[in-house]
2 protein chains.
Amino acid sequence: MEVLNEVKGASISFSMVQFVHPALADITLAGILAALADPMRLRIVKALLEDGDCLSCTAAAPCPEIPKSTLSNHFRVLREAGLIRTSKKGVAHRNTVREADINARFPGLLKAILKHAGE
Amino acid sequence: MEVLNEVKGASISFSMVQFVHPALADITLAGILAALADPMRLRIVKALLEDGDCLSCTAAAPCPEIPKSTLSNHFRVLREAGLIRTSKKGVAHRNTVREADINARFPGLLKAILKHAGE
DNA sequence: GACAGAAGTTCGGAAATATGGAAGTATTGA
DNA sequence: TCAATACTTCCATATTTCCGAACTTCTGTC
């Protein structure tokens, strides 16, 4: 919670955790590979692509007993690598794979990797 | 240094650090991605594929000032992921990419990844 | 509105992993 | 036999990951 300004004694605070997504040019190959180098994250991205491409964090989780903080961390890694885009939708989050962006930057990569996910 | 046998008081020791390479079935997608998720290892594999496919460790190193132990470690990671095969050739080592193996297990993957390496 | 519940985030300490200097091991050539 | 080369192994330090606990934010209900 960061206080940005004060007007007439009332502090205006911007708490909106607006997520930072890297620009296209800042997406790196090593970053994408590192993000997908985890079986759980691989399954998350696969679930997002297959199952509607727009799931909440818990809905995209591979298994229900995974701790929330761990799950949150995985989504942050995917986000910072540029693989997914997260926006708030009420109390939940909407996560979508940045398929077009990644295909533009690294044509064929995503498909080639996810083709073999879950073997 | 493992002592395997003793004959007439003289111990025959096999120190040949014969490297352990995973079998085809033990090569995993996450393992390959994790191994390639490092810029230096990405460059090493790229150099191996481009520049003769059979280089010593130092010859395949991205830059000369990298510590030997770090370099050795990177080659171990690549080896254990199943990406390269290492054999001894005199004092040096010969490293080759297990291209056929990986293509058999994950068709198209290696090419799709390395196509974008070094951008 | 106040409150409870749901969905995630952030914090912080413990566990796992990476880095690189120093020392050790084979192998070759003089 | 000695020195040099090309690594590997050991180990201490630095970094990263994991997950419980506490916190924030939004929604629906009273």
Side-chain angles (χ1 to χ4, degrees), chain A residues 1-4 11-21 30-31 33-42 44 48 54-81 84-96, chain B residues 1-4 11-21 30-31 33-42 44 48 54-81 84-96:
Chain A
M1 174 117 76
E2 187 183 358
V3 176
L4 292 183
S11 65
I12 302 174
S13 57
F14 282 83
S15 46
M16 287 247 140
V17 192
Q18 261 315 88
F19 302 110
V20 177
H21 300 87
L33 297 180
L36 293 179
D38 180 286
M40 191 164 292
R41 289 197 290 265
L42 212 47
I44 289 174
L48 284 179
C54 183
L55 295 173
S56 68
C57 295
T58 46
C63 46
E65 68 269 16
I66 171 175
K68 291 180 159 215
S69 54
T70 303
L71 198 58
S72 180
N73 197 50
H74 283 314
F75 276 93
R76 183 182 54 76
V77 171
L78 290 173
R79 205 157 45 226
E80 292 180 351
I84 66 172
R85 190 180 298 281
T86 307
S87 57
K88 298 199 91 173
K89 173 78 171 183
V91 68
H93 290 184
R94 292 166 21 117
N95 296 288
T96 67
Chain B
M1 173 118 75
E2 188 182 359
V3 175
L4 293 182
S11 65
I12 302 174
S13 57
F14 282 82
S15 46
M16 289 243 139
V17 190
Q18 262 314 87
F19 302 112
V20 177
H21 300 87
L33 296 180
L36 294 179
D38 181 286
M40 192 164 289
R41 289 197 290 265
L42 210 47
I44 289 174
L48 284 179
C54 184
L55 295 174
S56 67
C57 295
T58 45
C63 46
E65 68 270 13
I66 172 175
K68 291 181 161 220
S69 56
T70 302
L71 197 59
S72 180
N73 196 48
H74 283 314
F75 276 94
R76 183 183 53 77
V77 171
L78 290 172
R79 203 157 48 225
E80 292 179 353
I84 66 172
R85 190 179 300 280
T86 307
S87 57
K88 297 199 88 173
K89 174 79 171 182
V91 68
H93 290 184
R94 291 166 20 117
N95 296 287
T96 67

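The analysis underlying the following values was restricted to heavy atoms, covering all of them including side chains, and did not include hydrogens, waters or symmetry mates. Order of the sequence lines fixes the chain letters, A, B, ..., with proteins taken first and strands second; residue numbering starts at 1 for each chain.
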Only counting residues at least two apart or in another chain, list the ones meeting side chain to side chain donor-acceptor pair (under 3.5 Å) with R76(B).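 Listed in chain order: N73(B), E80(B).
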Minimum heavy-atom separation for A60(A) and F75(A), please, with both atom names.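 Here A60(A) and F75(A) meet closest at CB-CZ, 3.9 Å.
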Report the residue from I84(A), N95(A), L71(A) that forms a side-chain contact (heavy atoms from CB on, under 4.5 Å) with I44(A).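 Passing option: L71(A).
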Nearest whole Å is fine: how far is [N] [atom2] from [X] [atom1]?
X      : N       : atom1 : atom2 : answer
N95(A) : dA7(C)  : CG    : C1'   : 12 Å
L71(A) : dA21(D) : CG    : C1'   : 17 Å
F75(A) : dT9(C)  : CZ    : P     : 9 Å

Which nucleotide sits closest to the side chain of [X]: [options]?
X      : options                 : answer
T58(B) : dT8(D), dC7(D), dA26(C) : dC7(D)
V91(B) : dT25(D), dA6(D), dG8(C) : dA6(D)
F19(B) : dT9(C), dT25(D), dT8(D) : dT8(D)

Give a yes/no answer on whether the side chain of S72(A) brings an N or O atom under 4.0 Å of OP1 or OP2 in dT9(C).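 Yes, such a contact exists.
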Under 4.0 Å: is that the gap between some side-chain N or O of H93(A) and OP1 or OP2 of dC26(D)?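 Answer no for this pair, as no side-chain N or O of H93(A) is under 4.0 Å from OP1 or OP2.
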When every nucleotide of nucleotides 15-23 of chain C is labelled 5' to 3' by its protein contacts under 4.0 Å (heavy atoms), B for base, S for sugar-phosphate only, - for none, what sequence of letters results? ----BBBB-
Set of residues satisfying ring-ring contact (aromatic ring centres under 6.0 Å, His included) with respect to H21(A), sequence neighbours excluded: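 Checked H21(A) against ring-ring contact (aromatic ring centres under 6.0 Å, His included); zero matches.
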L33(A) vs L42(B) side-chain heavy atoms within contact, under 4.5 Å: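 Contact flag for L33(A)/L42(B) side chains = yes.
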Separation between NE2 of H74(B) and OG of S69(B), rounded to the nearest 0.5 Å: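 Reported value, rounded in 0.5 Å steps: 9.5 Å.
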